[in-house]
Amino acid sequence: MKNQLALYIHFPFCKRKCNYCSFVSYAHREADIPAYVNALNLELAQRATSQRVGSIFCGGGTPSLLSPKQIKDILATIHSRFTVDNAAEATLEANPGTIDESYLRAIRKLGINRLSLGIQSLNDDELRWLGRLHTATEAKEAVYQARQAGFSNLNLDLIYGLPGQTLSSWQHTLSEALRLSPEHLSLYALSLEDDVPMGQAIKQGRMPPLNPDRSADQYELAEDQLEASGYRHYEISNWAREGYQCQHNLTYWHNQPYLGVGVAAHSYIKNHRLANTTDLDRYLAASGNPSQVKDNDEEIKQELQLTETVILGLRLSQGVSIDDIQGRFGIDLGERYRQPIDELVSLGLIEWAGRHLRLTRYGQRLGNEAFWRFLPD
Ligand code: SF4
């Protein structure tokens with residue numbers, strides 16, 4: 001996987017906006033999808049590189065609003081312009097309520113080999129608060145349909161730390177999710193911007209505030225329950241059965257190159273971080289022309305590359321390898337960061353494990369407390 005390119009395609013359309021969402025996604029703009037696909041194909045063609053593609057990830061938004069024909073066109077562009085590894089992981093994010101078995105069969109045949117389902121909760125009240133389009137039963141049906149359609153690599157996204165969510169309600173979602181036997185689980189703590197409907201409801205006292213202590217208890221419960229069910233906790237928010245870690249996201253955590261196309265997509269290429277516009281109209285007007293849709297281009301100097309490699313690596317349970325840092329930057333990790341490491345070890349947030357520096361279990365809950373200490377002055 002190392003030295004291969006991760007290719008990300010952003011699809012910023014949703015049927016409607018969820019109550020907690022601050023992602024770049026547009027509701028009620030389905031009529032623009034065909035023009036968006038044309039623009040994506042143009043951007044992909046113009047930004048093709050010779051580096052072998054090790055993973056493709058179509059995220060959103062709701063990429064399962066793309067028709068199989070549109071997915072076929074995008075994949076055809078990718079395969080004609082890039083060299084794609086035969087074993088490349090190809091993920092599509094999908095939301096229950098937008099898919100059925102025949103759709104899933106069609107996209108599986110096109111080469112999508114990993115499905116990431118936005119389940120979020122298996123409690124109907126919580127799904128309503130969140131403003132999701134589906135019920136718990138529909139979420140379970142989506143998993144069943146995915147299996148019938150031949151998907152053997154499934155991720156379920158779940159959210160914890162919801163306003164008023166009890167430990168037992170979260171326990172219920174976890175247990176039900178485990179009964180579905182996914183290969184991979186991503187668990188995210190709810191965080192809210194003030195201007196989203198749920199943020200407003202909390203501000204106006206119509207919903208209880210977020211409770212970080214309960215959220216920490218829910219995280220701990222998940223750690224115990226998932227580990228007991230045979231999942232390996234390999235990144236702060238991610239668990240997988242053996243052999244099913246997300247190859248695409250590992251590229252980010254190893255601070256390796258990735259190319260992002262589409263509205264709001266980011267890239268990290270040749271030590272430059274690039275960001276596309278978040279404005280759908282501007283992207284469409286430019287038909288995805290890379291020079292017109294780029295909003296930011298920042299050179300990442302070696303000092304920052306090192307810091308980012310350490311911080312991203314600490315997100316992984318195995319931690320950061322002394323040998324990788326030595327090989328990549330010619331720097332002794334323990335020497336270079338002696339002071340923050342000593343401090344964090346004494347606080348019980350990080351530890352040495354052989355030739356790796358990693359967060360402790362306690363540190364995984366307080367990652368940011370550790371990360372900022374590695375930032376340059
Ligand atoms: S489906 Fe995802 S991207 Fe779309 S509105 Fe809901 S949370 Fe946002």
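Order of listing sets the numbers, starting from 1, for every ligand and every atom in it.
- Under a 3.5 Å cut-off, the side chain of Asn113 and the backbone N or O of Glu89 do not form any donor-acceptor pair.
- When hydrogens are left out, the protein atom nearest atom 2 (Fe) of ligand 1 is Arg132 NH1, 4.0 Å; that is the closest non-hydrogen contact.
- Ligand 1 lies within reach of Gly61, whose nearest heavy atom is under 4.0 Å from it.
- Under 4.0 angstrom from ligand 1, the non-hydrogen atoms of Cys18 come from both its backbone and its side chain.
- At least one N, O or S atom of Cys21 sits under 2.8 Å from atom 8 (Fe) of ligand 1.
- Here the options are Glu141, Glu183, Glu101, the test is salt bridge (Lys or Arg N to Asp or Glu O under 4.0 Å), and the partner is Arg147; only Glu183 passes.
- Side-chain N or O atoms of Glu193 include none that pairs as donor or acceptor with a backbone N or O of Asp195 at under 3.5 Å.
- Of all atoms in ligand 1, numbered sequentially from 1 with element shown, those under 4.0 Å from a heavy atom of Cys14 are 1 (S), 3 (S), 4 (Fe), 5 (S).
- The protein non-hydrogen atom at the shortest distance from atom 7 (S) of ligand 1 is Tyr20 OH, 3.4 Å.
- Under a cutoff of 6.0 Å and an axis angle of 45°, Arg29 and Phe13 do not form a cation-pi pair.
- No more than 12 heavy-atom neighbours from other residues, nucleotides or ligands sit within 6.0 angstrom of OH on Tyr362.
- Contact atoms of ligand 1 toward Arg16: 5 (S) (distance under 4.0 Å to a heavy atom of the residue).
- Within the listing of ligand 1, atoms 1 (S) sit less than 4.0 angstrom from a heavy atom of Asn95.
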Subject >> Pair Tyr8-Tyr258, ring-ring contact (aromatic ring centres under 6.0 Å, His included): steps then yes or no >> reply: CA-CA 7 Å; Tyr8 177 78; Tyr258 51 87; 8.8 Å; no
